[in-house]
Amino acid sequence: MGRAFVYVILGGGVAAGYAALEFTRRGVSDGELCIISEEPVAPYERPALSKGFLLPEAPARLPSFHTCVGANDEKLTPKWYKDHGIELVLGTRVKSVDVRRKTLLSSTGETISYKFLIIATGARALKLEEFGVEGSDAENVCYLRDLADANRLATVIQSSSNGNAVVIGGGYIGMECAASLVINKINVTMVFPEAHCMARLFTPKIASLYEDYYRAKGVKFIKGTVLTSFEFDSNKKVTAVNLKDGSHLPADLVVVGIGIRPNTSLFEGQLTIEKGGIKVNSRMQSSDSSVYAIGDVATFPVKLFGEMRRLEHVDSARKSARHAVSAIMDPIKTGDFDYLPFFYSKVFAFSWQFYGDPTGDVVHFGEYEDGKSFGAYWVKKGHLVGSFLEGGTKEEYETISKATQLKPAVTIDLEELEREGLGFAHTV
Ligand code: FAD
Ligand code: NDP
(Lines give C-alpha, C1' and ligand atoms only; values in the text may rest on other atoms or scores of the structure.)
(Ligands and ions follow the chains in the order given, each with its own letter.)
Protein backbone atom coordinates (compact mmCIF):
# COMPACT_ATOMS: atom_id res chain seq x y z
CA MET A 1 0.00 0.00 0.00
CA GLY A 2 1.13 3.54 -0.50
CA ARG A 3 0.03 7.11 -0.47
CA ALA A 4 -1.42 9.21 -3.27
CA PHE A 5 -0.87 12.92 -3.89
CA VAL A 6 -1.95 15.32 -6.60
CA TYR A 7 1.53 16.88 -6.79
CA VAL A 8 4.84 15.26 -5.92
CA ILE A 9 8.19 17.05 -5.99
CA LEU A 10 11.07 14.59 -6.24
CA GLY A 11 14.13 16.21 -4.60
CA GLY A 12 14.27 18.70 -1.74
CA GLY A 13 16.79 21.31 -2.82
CA VAL A 14 16.54 24.91 -3.98
CA ALA A 15 14.04 24.36 -6.78
CA ALA A 16 11.78 22.27 -4.52
CA GLY A 17 11.63 25.03 -1.89
CA TYR A 18 10.70 27.73 -4.40
CA ALA A 19 8.13 25.42 -6.03
CA ALA A 20 6.52 24.76 -2.61
CA LEU A 21 6.13 28.48 -1.91
CA GLU A 22 4.59 29.03 -5.34
CA PHE A 23 2.15 26.14 -4.81
CA THR A 24 0.91 27.66 -1.54
CA ARG A 25 0.55 31.10 -3.16
CA ARG A 26 -1.57 29.55 -5.89
CA GLY A 27 -3.77 27.75 -3.36
CA VAL A 28 -2.77 24.14 -2.93
CA SER A 29 -5.02 22.25 -0.46
CA ASP A 30 -3.89 20.34 2.61
CA GLY A 31 -2.50 16.91 1.74
CA GLU A 32 -2.25 17.55 -2.01
CA LEU A 33 1.51 18.18 -2.19
CA CYS A 34 4.37 15.91 -1.16
CA ILE A 35 8.12 16.64 -1.31
CA ILE A 36 10.38 13.63 -1.06
CA SER A 37 14.09 14.20 -0.49
CA GLU A 38 17.18 12.20 0.29
CA GLU A 39 18.50 15.07 2.42
CA PRO A 40 17.54 15.02 6.11
CA VAL A 41 16.63 18.74 6.22
CA ALA A 42 14.00 20.95 4.59
CA PRO A 43 15.03 22.77 1.37
CA TYR A 44 17.77 25.33 1.88
CA GLU A 45 19.78 27.87 -0.11
CA ARG A 46 22.65 25.68 -1.33
CA PRO A 47 24.89 28.67 -2.28
CA ALA A 48 25.41 29.38 1.44
CA LEU A 49 27.45 26.19 1.80
CA SER A 50 30.56 27.58 0.08
CA LYS A 51 30.20 31.08 1.56
CA GLY A 52 28.62 31.96 4.95
CA PHE A 53 28.69 28.33 6.12
CA LEU A 54 32.50 28.20 5.99
CA LEU A 55 33.19 31.47 7.83
CA PRO A 56 35.41 31.13 10.92
CA GLU A 57 33.29 33.63 12.90
CA ALA A 58 29.51 33.33 13.25
CA PRO A 59 29.08 30.87 10.36
CA ALA A 60 25.63 30.52 8.79
CA ARG A 61 23.73 27.52 10.13
CA LEU A 62 20.22 26.21 9.55
CA PRO A 63 17.49 27.27 10.05
CA SER A 64 18.87 30.68 8.95
CA PHE A 65 19.23 29.77 5.26
CA HIS A 66 16.18 27.66 4.42
CA THR A 67 14.61 28.66 1.12
CA CYS A 68 13.39 31.18 0.16
CA VAL A 69 15.57 33.71 2.07
CA GLY A 70 17.96 33.92 -0.90
CA ALA A 71 15.29 35.77 -2.86
CA ASN A 72 14.37 37.91 0.19
CA ASP A 73 11.22 35.87 0.57
CA GLU A 74 9.66 33.77 3.34
CA LYS A 75 11.85 31.33 5.26
CA LEU A 76 10.27 27.89 4.91
CA THR A 77 11.08 25.96 8.09
CA PRO A 78 9.79 22.40 8.67
CA LYS A 79 6.93 24.02 10.66
CA TRP A 80 5.98 26.08 7.62
CA TYR A 81 5.49 22.91 5.54
CA LYS A 82 3.42 21.38 8.34
CA ASP A 83 1.29 24.50 8.73
CA HIS A 84 0.63 24.51 4.99
CA GLY A 85 -0.41 20.86 4.84
CA ILE A 86 2.63 19.86 2.75
CA GLU A 87 3.98 16.37 3.34
CA LEU A 88 7.76 16.65 3.68
CA VAL A 89 9.34 13.21 3.44
CA LEU A 90 12.99 13.69 4.38
CA GLY A 91 16.02 11.41 4.51
CA THR A 92 14.33 9.18 1.95
CA ARG A 93 15.82 8.27 -1.39
CA VAL A 94 13.58 7.46 -4.33
CA LYS A 95 14.85 4.17 -5.82
CA SER A 96 12.71 3.97 -8.92
CA VAL A 97 9.99 5.77 -10.81
CA ASP A 98 7.38 4.28 -13.11
CA VAL A 99 6.32 7.15 -15.33
CA ARG A 100 3.64 5.11 -17.09
CA ARG A 101 2.00 4.08 -13.80
CA LYS A 102 2.71 7.47 -12.16
CA THR A 103 4.38 5.97 -9.11
CA LEU A 104 7.62 6.36 -7.16
CA LEU A 105 9.19 3.69 -5.00
CA SER A 106 11.12 4.94 -1.95
CA SER A 107 14.08 3.34 -0.21
CA THR A 108 11.74 2.54 2.70
CA GLY A 109 9.62 0.44 0.34
CA GLU A 110 6.71 2.86 0.12
CA THR A 111 4.93 3.48 -3.17
CA ILE A 112 3.84 7.07 -3.72
CA SER A 113 1.57 7.93 -6.61
CA TYR A 114 1.05 11.30 -8.26
CA LYS A 115 -1.06 13.10 -10.78
CA PHE A 116 1.74 15.57 -11.54
CA LEU A 117 5.42 14.92 -10.83
CA ILE A 118 8.06 17.67 -10.65
CA ILE A 119 11.60 16.35 -10.96
CA ALA A 120 13.98 18.51 -8.90
CA THR A 121 16.79 16.03 -8.31
CA GLY A 122 19.61 18.50 -9.06
CA ALA A 123 23.04 17.04 -9.59
CA ARG A 124 25.86 15.10 -7.97
CA ALA A 125 29.50 16.11 -7.71
CA LEU A 126 31.85 14.35 -10.12
CA LYS A 127 34.29 12.10 -8.28
CA LEU A 128 38.04 11.82 -8.89
CA GLU A 129 37.55 8.08 -9.43
CA GLU A 130 35.75 9.00 -12.66
CA PHE A 131 39.10 10.42 -13.79
CA GLY A 132 41.05 7.37 -12.63
CA VAL A 133 42.27 8.73 -9.26
CA GLU A 134 41.50 6.70 -6.11
CA GLY A 135 41.10 8.17 -2.62
CA SER A 136 37.85 10.19 -2.50
CA ASP A 137 36.82 8.32 0.65
CA ALA A 138 39.76 9.65 2.71
CA GLU A 139 38.51 11.73 5.65
CA ASN A 140 40.37 14.88 4.53
CA VAL A 141 39.29 14.79 0.86
CA CYS A 142 36.21 17.02 0.65
CA TYR A 143 33.58 17.49 -2.00
CA LEU A 144 30.86 20.11 -1.59
CA ARG A 145 27.32 19.48 -2.74
CA ASP A 146 25.13 19.08 0.33
CA LEU A 147 24.91 19.89 4.01
CA ALA A 148 26.68 16.69 5.05
CA ASP A 149 29.62 17.61 2.78
CA ALA A 150 29.66 21.15 4.19
CA ASN A 151 29.66 19.92 7.80
CA ARG A 152 32.56 17.62 7.02
CA LEU A 153 34.50 20.36 5.24
CA ALA A 154 33.94 22.77 8.16
CA THR A 155 35.25 20.13 10.59
CA VAL A 156 38.35 19.39 8.50
CA ILE A 157 38.99 23.15 8.13
CA GLN A 158 38.90 23.54 11.92
CA SER A 159 41.52 20.86 12.38
CA SER A 160 43.77 22.23 9.59
CA SER A 161 44.43 25.79 10.83
CA ASN A 162 47.74 27.13 9.44
CA GLY A 163 48.04 23.93 7.41
CA ASN A 164 48.10 23.30 3.66
CA ALA A 165 45.12 22.78 1.39
CA VAL A 166 45.11 21.71 -2.22
CA VAL A 167 42.04 22.78 -4.17
CA ILE A 168 41.38 20.69 -7.28
CA GLY A 169 39.39 22.53 -9.96
CA GLY A 170 39.30 26.19 -10.96
CA GLY A 171 35.54 26.58 -11.32
CA TYR A 172 32.94 27.92 -8.92
CA ILE A 173 33.60 25.50 -6.06
CA GLY A 174 37.36 25.87 -6.42
CA MET A 175 37.31 29.67 -6.39
CA GLU A 176 34.75 30.08 -3.59
CA CYS A 177 36.28 27.40 -1.36
CA ALA A 178 39.82 28.71 -1.90
CA ALA A 179 38.67 32.13 -0.66
CA SER A 180 36.96 30.56 2.37
CA LEU A 181 40.08 28.52 3.19
CA VAL A 182 42.25 31.65 3.09
CA ILE A 183 39.81 33.39 5.45
CA ASN A 184 40.28 30.37 7.74
CA LYS A 185 44.10 30.90 7.69
CA ILE A 186 44.90 27.89 5.56
CA ASN A 187 47.61 27.97 2.86
CA VAL A 188 46.01 27.21 -0.48
CA THR A 189 47.34 25.82 -3.76
CA MET A 190 44.83 25.63 -6.61
CA VAL A 191 45.33 23.03 -9.34
CA PHE A 192 43.37 22.97 -12.60
CA PRO A 193 43.85 21.92 -16.21
CA GLU A 194 43.03 25.22 -17.91
CA ALA A 195 45.17 28.32 -18.50
CA HIS A 196 43.10 30.40 -16.06
CA CYS A 197 40.32 30.14 -13.51
CA MET A 198 36.61 30.00 -14.46
CA ALA A 199 37.68 29.15 -18.00
CA ARG A 200 34.20 28.72 -19.44
CA LEU A 201 33.05 32.21 -18.42
CA PHE A 202 36.01 34.46 -17.64
CA THR A 203 38.28 35.96 -20.29
CA PRO A 204 42.02 35.87 -19.48
CA LYS A 205 41.76 39.55 -18.48
CA ILE A 206 38.86 39.03 -16.08
CA ALA A 207 40.52 35.92 -14.63
CA SER A 208 43.78 37.82 -14.00
CA LEU A 209 41.97 40.37 -11.83
CA TYR A 210 40.85 37.61 -9.43
CA GLU A 211 43.99 35.50 -9.69
CA ASP A 212 46.21 38.50 -8.86
CA TYR A 213 44.11 39.19 -5.79
CA TYR A 214 44.20 35.53 -4.70
CA ARG A 215 48.01 35.54 -5.15
CA ALA A 216 48.26 38.65 -2.99
CA LYS A 217 46.37 36.64 -0.35
CA GLY A 218 49.00 33.87 -0.62
CA VAL A 219 47.19 31.47 -2.97
CA LYS A 220 49.44 29.57 -5.40
CA PHE A 221 48.18 28.48 -8.82
CA ILE A 222 49.37 25.39 -10.65
CA LYS A 223 47.71 25.43 -14.05
CA GLY A 224 47.60 23.17 -17.08
CA THR A 225 47.88 19.97 -15.08
CA VAL A 226 45.80 17.50 -13.11
CA LEU A 227 46.04 15.32 -10.02
CA THR A 228 47.40 11.82 -10.66
CA SER A 229 47.50 10.26 -7.15
CA PHE A 230 47.31 10.81 -3.39
CA GLU A 231 49.78 9.75 -0.72
CA PHE A 232 48.27 8.42 2.53
CA ASP A 233 49.38 7.86 6.11
CA SER A 234 48.63 4.67 8.02
CA ASN A 235 45.12 5.98 8.91
CA LYS A 236 44.28 6.39 5.20
CA LYS A 237 44.45 10.15 5.59
CA VAL A 238 45.86 12.03 2.60
CA THR A 239 49.26 13.60 3.33
CA ALA A 240 50.22 14.80 -0.15
CA VAL A 241 49.02 15.00 -3.75
CA ASN A 242 51.01 14.16 -6.87
CA LEU A 243 50.36 16.03 -10.10
CA LYS A 244 50.89 14.99 -13.70
CA ASP A 245 53.56 17.71 -14.14
CA GLY A 246 55.65 15.95 -11.44
CA SER A 247 54.77 18.36 -8.57
CA HIS A 248 54.37 16.91 -5.10
CA LEU A 249 52.24 19.01 -2.72
CA PRO A 250 51.92 18.30 1.00
CA ALA A 251 48.26 18.47 2.04
CA ASP A 252 46.32 18.53 5.29
CA LEU A 253 43.12 19.04 3.34
CA VAL A 254 41.99 18.55 -0.26
CA VAL A 255 38.88 20.19 -1.73
CA VAL A 256 37.61 18.79 -5.02
CA GLY A 257 35.32 20.79 -7.34
CA ILE A 258 35.57 19.25 -10.78
CA GLY A 259 32.03 19.67 -12.00
CA ILE A 260 28.69 17.91 -11.64
CA ARG A 261 26.38 15.47 -13.41
CA PRO A 262 22.59 15.94 -13.30
CA ASN A 263 20.64 13.21 -11.46
CA THR A 264 18.67 11.81 -14.39
CA SER A 265 19.26 8.08 -13.93
CA LEU A 266 15.74 7.32 -12.58
CA PHE A 267 14.29 8.53 -15.86
CA GLU A 268 16.65 7.17 -18.50
CA GLY A 269 14.63 5.16 -21.01
CA GLN A 270 11.39 6.78 -19.76
CA LEU A 271 11.82 10.48 -20.61
CA THR A 272 13.75 12.29 -23.33
CA ILE A 273 17.22 13.35 -22.19
CA GLU A 274 19.11 16.16 -23.92
CA LYS A 275 22.44 17.84 -23.11
CA GLY A 276 22.67 15.62 -20.04
CA GLY A 277 19.39 16.85 -18.57
CA ILE A 278 15.68 16.06 -18.76
CA LYS A 279 14.37 17.75 -21.86
CA VAL A 280 11.43 20.05 -21.16
CA ASN A 281 9.43 22.55 -23.18
CA SER A 282 8.88 26.21 -22.36
CA ARG A 283 6.38 25.14 -19.67
CA MET A 284 9.06 22.93 -18.03
CA GLN A 285 7.04 19.89 -19.14
CA SER A 286 8.96 16.75 -20.10
CA SER A 287 8.24 14.24 -22.88
CA ASP A 288 5.56 12.82 -20.53
CA SER A 289 2.82 15.42 -20.05
CA SER A 290 2.37 14.64 -16.31
CA VAL A 291 6.05 15.11 -15.54
CA TYR A 292 7.87 18.45 -15.20
CA ALA A 293 11.57 19.11 -14.52
CA ILE A 294 13.17 22.17 -12.90
CA GLY A 295 16.56 23.40 -11.71
CA ASP A 296 19.94 21.83 -12.51
CA VAL A 297 18.38 18.67 -13.95
CA ALA A 298 16.27 20.39 -16.63
CA THR A 299 17.30 21.19 -20.20
CA PHE A 300 14.94 23.91 -21.39
CA PRO A 301 14.59 26.28 -24.34
CA VAL A 302 16.35 29.59 -23.73
CA LYS A 303 14.21 31.80 -25.95
CA LEU A 304 16.74 34.61 -26.14
CA PHE A 305 19.32 32.36 -27.79
CA GLY A 306 16.96 29.97 -29.59
CA GLU A 307 18.74 27.02 -27.98
CA MET A 308 18.20 24.24 -25.47
CA ARG A 309 20.32 24.80 -22.36
CA ARG A 310 20.85 23.18 -19.00
CA LEU A 311 21.92 25.75 -16.41
CA GLU A 312 23.53 24.95 -13.06
CA HIS A 313 22.73 28.10 -11.13
CA VAL A 314 20.41 29.11 -8.37
CA ASP A 315 18.45 31.86 -10.14
CA SER A 316 17.46 29.43 -12.88
CA ALA A 317 16.42 26.86 -10.23
CA ARG A 318 14.21 29.43 -8.47
CA LYS A 319 12.57 30.82 -11.60
CA SER A 320 12.09 27.50 -13.42
CA ALA A 321 10.41 26.19 -10.24
CA ARG A 322 7.94 29.06 -10.12
CA HIS A 323 7.26 28.72 -13.82
CA ALA A 324 6.54 24.98 -13.67
CA VAL A 325 4.07 25.44 -10.80
CA SER A 326 2.39 28.26 -12.67
CA ALA A 327 2.16 26.08 -15.81
CA ILE A 328 0.61 23.21 -13.82
CA MET A 329 -1.86 25.26 -11.79
CA ASP A 330 -2.73 27.97 -14.28
CA PRO A 331 -2.00 26.52 -17.72
CA ILE A 332 -4.08 29.03 -19.68
CA LYS A 333 -2.45 32.14 -18.26
CA THR A 334 1.11 30.78 -18.22
CA GLY A 335 3.20 31.77 -21.23
CA ASP A 336 6.63 30.56 -22.33
CA PHE A 337 9.51 30.58 -19.85
CA ASP A 338 11.58 33.53 -21.06
CA TYR A 339 14.76 33.24 -19.05
CA LEU A 340 17.88 35.39 -19.18
CA PRO A 341 20.81 33.26 -17.92
CA PHE A 342 22.24 34.84 -14.78
CA PHE A 343 25.34 33.76 -12.85
CA TYR A 344 27.06 35.42 -9.90
CA SER A 345 29.68 34.80 -7.28
CA LYS A 346 30.98 36.41 -4.11
CA VAL A 347 34.56 35.87 -2.92
CA PHE A 348 36.47 37.99 -0.37
CA ALA A 349 35.08 41.51 -0.90
CA PHE A 350 34.44 40.83 -4.60
CA SER A 351 31.01 40.42 -6.08
CA TRP A 352 30.29 39.91 -9.76
CA GLN A 353 27.24 39.27 -11.90
CA PHE A 354 26.97 37.93 -15.42
CA TYR A 355 23.94 37.98 -17.71
CA GLY A 356 23.43 36.25 -21.06
CA ASP A 357 25.91 34.24 -23.06
CA PRO A 358 29.74 34.58 -23.04
CA THR A 359 30.17 34.11 -26.81
CA GLY A 360 31.37 36.29 -29.70
CA ASP A 361 33.77 39.25 -29.45
CA VAL A 362 34.53 40.57 -26.01
CA VAL A 363 35.15 44.17 -24.95
CA HIS A 364 36.40 45.04 -21.46
CA PHE A 365 35.65 48.35 -19.82
CA GLY A 366 36.67 50.18 -16.66
CA GLU A 367 39.77 49.55 -14.58
CA TYR A 368 39.31 47.68 -11.38
CA GLU A 369 40.34 49.55 -8.26
CA ASP A 370 38.78 49.28 -4.84
CA GLY A 371 35.36 50.81 -5.02
CA LYS A 372 35.27 51.06 -8.82
CA SER A 373 33.52 48.73 -11.19
CA PHE A 374 35.05 46.72 -14.01
CA GLY A 375 33.13 44.91 -16.71
CA ALA A 376 32.86 43.30 -20.11
CA TYR A 377 30.40 42.92 -22.96
CA TRP A 378 30.13 40.05 -25.42
CA VAL A 379 28.96 41.01 -28.91
CA LYS A 380 27.83 38.38 -31.41
CA LYS A 381 26.59 39.01 -34.95
CA GLY A 382 26.28 42.72 -34.13
CA HIS A 383 24.19 42.23 -30.96
CA LEU A 384 24.95 42.45 -27.27
CA VAL A 385 24.63 38.89 -25.94
CA GLY A 386 26.50 38.95 -22.62
CA SER A 387 27.44 41.39 -19.83
CA PHE A 388 29.74 41.02 -16.86
CA LEU A 389 30.23 43.48 -14.02
CA GLU A 390 32.39 43.36 -10.90
CA GLY A 391 31.70 45.78 -8.07
CA GLY A 392 28.51 47.27 -9.50
CA THR A 393 25.67 48.88 -7.59
CA LYS A 394 22.21 47.29 -7.52
CA GLU A 395 21.06 49.80 -10.14
CA GLU A 396 24.06 49.08 -12.39
CA TYR A 397 23.40 45.34 -12.25
CA GLU A 398 19.77 45.98 -13.14
CA THR A 399 20.89 48.13 -16.04
CA ILE A 400 23.18 45.48 -17.59
CA SER A 401 20.54 42.81 -16.99
CA LYS A 402 17.82 44.80 -18.75
CA ALA A 403 20.13 45.76 -21.62
CA THR A 404 21.25 42.15 -22.19
CA GLN A 405 17.66 40.86 -22.07
CA LEU A 406 16.88 43.16 -25.03
CA LYS A 407 19.83 41.79 -27.05
CA PRO A 408 20.24 45.21 -28.70
CA ALA A 409 22.13 45.90 -31.93
CA VAL A 410 25.58 47.33 -31.27
CA THR A 411 25.96 49.97 -33.98
CA ILE A 412 29.17 51.54 -32.65
CA ASP A 413 32.58 49.94 -33.14
CA LEU A 414 34.15 47.90 -30.37
CA GLU A 415 36.68 50.63 -29.38
CA GLU A 416 33.83 53.05 -28.86
CA LEU A 417 31.88 50.43 -26.91
CA GLU A 418 34.93 50.04 -24.67
CA ARG A 419 35.07 53.83 -24.12
CA GLU A 420 31.34 54.04 -23.41
CA GLY A 421 31.52 51.19 -20.92
CA LEU A 422 28.52 51.08 -18.61
CA GLY A 423 27.16 54.15 -20.38
CA PHE A 424 26.25 51.91 -23.32
CA ALA A 425 23.92 49.75 -21.20
CA HIS A 426 22.25 52.92 -19.88
CA THR A 427 21.38 54.02 -23.44
CA VAL A 428 19.68 50.72 -24.39
P1 FAD B 1 19.62 20.81 -5.64
O2 FAD B 1 19.56 22.07 -4.86
O3 FAD B 1 20.93 20.11 -5.77
O4 FAD B 1 18.57 19.79 -5.00
C5 FAD B 1 18.41 18.47 -5.45
C6 FAD B 1 17.76 17.66 -4.35
O7 FAD B 1 17.31 16.42 -4.86
C8 FAD B 1 18.68 17.32 -3.18
O9 FAD B 1 17.99 17.57 -1.99
C10 FAD B 1 18.95 15.84 -3.37
O11 FAD B 1 19.24 15.17 -2.17
C12 FAD B 1 17.61 15.40 -3.94
N13 FAD B 1 17.64 14.12 -4.66
C14 FAD B 1 18.36 13.78 -5.75
N15 FAD B 1 18.09 12.51 -6.13
C16 FAD B 1 17.15 12.05 -5.27
C17 FAD B 1 16.46 10.80 -5.14
N18 FAD B 1 16.68 9.79 -5.97
N19 FAD B 1 15.59 10.66 -4.12
C20 FAD B 1 15.35 11.68 -3.25
N21 FAD B 1 15.97 12.88 -3.35
C22 FAD B 1 16.86 13.06 -4.33
N23 FAD B 1 24.47 28.92 -7.90
C24 FAD B 1 24.49 30.26 -8.06
O25 FAD B 1 23.86 30.77 -8.98
N26 FAD B 1 25.19 31.07 -7.21
C27 FAD B 1 25.93 30.58 -6.19
O28 FAD B 1 26.57 31.35 -5.47
C29 FAD B 1 25.96 29.17 -6.00
N30 FAD B 1 26.67 28.63 -5.01
C31 FAD B 1 26.70 27.28 -4.86
C32 FAD B 1 27.47 26.72 -3.84
C33 FAD B 1 27.55 25.36 -3.67
C34 FAD B 1 28.39 24.79 -2.57
C35 FAD B 1 26.83 24.50 -4.55
C36 FAD B 1 26.92 23.00 -4.39
C37 FAD B 1 26.05 25.02 -5.56
C38 FAD B 1 25.98 26.42 -5.72
N39 FAD B 1 25.21 27.01 -6.73
C40 FAD B 1 25.19 28.36 -6.89
C41 FAD B 1 24.38 26.18 -7.61
C42 FAD B 1 22.96 26.06 -7.04
O43 FAD B 1 23.00 25.75 -5.68
C44 FAD B 1 22.19 25.01 -7.83
O45 FAD B 1 22.07 25.47 -9.16
C46 FAD B 1 20.84 24.74 -7.21
O47 FAD B 1 20.97 24.20 -5.92
C48 FAD B 1 20.02 23.79 -8.08
O49 FAD B 1 18.82 23.53 -7.44
P50 FAD B 1 18.06 22.12 -7.67
O51 FAD B 1 16.88 22.16 -6.79
O52 FAD B 1 17.94 21.87 -9.11
O53 FAD B 1 19.10 21.03 -7.11
P1 NDP C 1 32.58 23.88 -12.52
O2 NDP C 1 32.02 23.22 -13.72
O3 NDP C 1 32.33 25.30 -12.22
O4 NDP C 1 34.16 23.75 -12.52
C5 NDP C 1 34.85 22.53 -12.56
C6 NDP C 1 36.31 22.85 -12.78
O7 NDP C 1 37.10 21.70 -12.61
C8 NDP C 1 36.58 23.33 -14.19
O9 NDP C 1 37.59 24.30 -14.11
C10 NDP C 1 37.01 22.05 -14.87
O11 NDP C 1 37.72 22.21 -16.04
C12 NDP C 1 37.88 21.50 -13.78
N13 NDP C 1 38.18 20.07 -13.92
C14 NDP C 1 37.46 19.14 -14.58
N15 NDP C 1 38.06 17.94 -14.45
C16 NDP C 1 39.17 18.11 -13.68
C17 NDP C 1 40.20 17.25 -13.18
N18 NDP C 1 40.21 15.94 -13.45
N19 NDP C 1 41.16 17.80 -12.41
C20 NDP C 1 41.16 19.12 -12.13
N21 NDP C 1 40.23 19.97 -12.58
C22 NDP C 1 39.24 19.48 -13.34
O23 NDP C 1 32.12 22.93 -11.32
P24 NDP C 1 32.33 23.07 -9.75
O25 NDP C 1 32.66 21.69 -9.28
O26 NDP C 1 33.25 24.18 -9.44
O27 NDP C 1 30.88 23.46 -9.24
C28 NDP C 1 29.87 22.46 -9.10
C29 NDP C 1 28.50 23.06 -9.29
O30 NDP C 1 28.23 23.97 -8.27
C31 NDP C 1 28.30 23.78 -10.60
O32 NDP C 1 27.02 23.47 -11.06
C33 NDP C 1 28.33 25.23 -10.23
O34 NDP C 1 27.51 26.00 -11.07
C35 NDP C 1 27.80 25.18 -8.83
N36 NDP C 1 28.33 26.30 -8.05
C37 NDP C 1 28.00 27.54 -8.45
C38 NDP C 1 28.45 28.62 -7.76
C39 NDP C 1 28.06 29.96 -8.26
O40 NDP C 1 27.28 30.05 -9.18
N41 NDP C 1 28.56 31.04 -7.65
C42 NDP C 1 29.29 28.48 -6.57
C43 NDP C 1 29.62 27.11 -6.25
C44 NDP C 1 29.12 26.07 -6.98
P45 NDP C 1 36.93 22.16 -17.49
O46 NDP C 1 36.25 23.47 -17.58
O47 NDP C 1 38.05 21.98 -18.45
O48 NDP C 1 36.00 20.99 -17.44
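Count residues from 1 along the sequence. Atoms considered below: every heavy atom in the structure, side chains included; atoms not considered: hydrogens, waters and symmetry mates. Both ligands and their constituent atoms are indexed starting at 1 by order of listing.
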Could you check [atom] against the protein and tell me its nearest heavy-atom contact, residue, atom and distance included?
atom	result
atom 20 (C) of ligand 1	E38 N, 3.3 Å
atom 12 (C) of ligand 1	G11 CA, 3.6 Å
atom 51 (O) of ligand 1	A15 N, 2.8 Å
atom 36 (C) of ligand 1	L144 O, 3.5 Å
atom 28 (O) of ligand 1	K51 NZ, 2.5 Å
atom 39 (N) of ligand 1	P47 CG, 4.3 Å
atom 8 (C) of ligand 1	E39 OE2, 3.3 Å
atom 2 (O) of ligand 1	R46 NE, 2.7 Å

Less than 4.0 Å is my threshold; does some heavy atom of F343 fall inside it relative to ligand 1?
no

May I ask whether L311 has any heavy atom positioned less than 4.0 angstrom from an atom of ligand 1?
no

With F388, the ring pair (Phe, Tyr, Trp, His ring centres under 6.0 Å) member among F202, Y355, F354
F202

Checking side-chain hydrogen bond (donor to acceptor under 3.5 Å, both in side chains) for the pair Y143/S136: CA distance, chi angles, key distance, verdict?
CA-CA 8 Å; Y143 290 82; S136 285; 2.5 Å; yes

Salt bridge (Lys or Arg N to Asp or Glu O under 4.0 Å), that's the test. Do K127 and E129 meet it? Break it down for me.
CA-CA 5 Å; K127 290 283 167 80; E129 279 70 7; over 6 Å; no

Would you please test D83 and K79 for salt bridge (Lys or Arg N to Asp or Glu O under 4.0 Å) and show each step?
CA-CA 6 Å; D83 291 348; K79 182 174 181 300; 2.9 Å; yes

Where [X] and [Y] come nearest, the two heavy atoms and their spacing:
X	Y	answer
S229	V133	CA-CG1, 4.3 Å
Y344	Y172	O-CE2, 4.2 Å
P56	I183	CD-CG2, 3.6 Å
L271	D288	CD2-CB, 3.6 Å

For ligand 1, which part of H313 has a heavy atom less than 4.0 Å away: the side chain, the backbone, both, or neither?
both

Residue [X] vicinity, atoms of ligand 1 by number, heavy atom under 4.0 Å:
X	result
G12	6 (C), 7 (O), 9 (O), 12 (C)
S37	9 (O), 20 (C), 21 (N)
E312	41 (C), 45 (O)
I173	34 (C)
L10	19 (N), 20 (C)
T121	5 (C), 7 (O), 14 (C), 15 (N), 16 (C)
A317	48 (C), 49 (O)
N263	14 (C)

Any N/O pair [X]/ligand 1 closer than 3.5 Å:
X	value
V314	yes
D315	no
L266	no
D296	yes

Taking atom types as modelled, is there a side-chain donor on S160 or D252 under 3.5 Å from an acceptor on the other?
no

Between S345 and E176, do the side chains contain an N or O donor and an N or O acceptor separated by less than 3.5 Å?
yes

For D73, which of R25, R318, R322 qualifies under salt bridge (charged side-chain N to carboxylate O under 4.0 Å, His left out)?
R25

Answer yes when R46 and D296 have at least one side-chain N-carboxylate O distance shorter than 4.0 Å, and no when they do not.
no

Is it true that E130 and R124 make a salt bridge, defined as a side-chain N closer than 4.0 Å to a carboxylate O?
yes

Classify the ring geometry between Y7 and F23 as parallel (under 30°), tilted (30 to 60°) or perpendicular (over 60°).
tilted

Describe, in one word, how the ring planes of F350 and Y213 are oriented to each other, choosing from parallel (under 30°), tilted (30 to 60°) and perpendicular (over 60°).
perpendicular

From CA spacing to verdict: side-chain hydrogen bond (donor to acceptor under 3.5 Å, both in side chains), T92, T108
CA-CA 7 Å; T92 306; T108 57; 5.5 Å; no

Near ligand 2 (heavy atom, under 4.0 angstrom), the protein residues are F131, I168, G169, G170, G171, Y172, I173, E176, P193, E194, R200, V226, G257, I258, G259, I260, E312, H313, Y344, S345

Beyond-backbone contact of V256 with V141, side-chain heavy atoms, under 4.5 angstrom:
yes

Side-chain heavy atoms of M175 within contact of M190, under 4.5 Å
yes

Option of least heavy-atom distance to atom 18 (N) of ligand 1 (set: V41, T92, V94):
V94

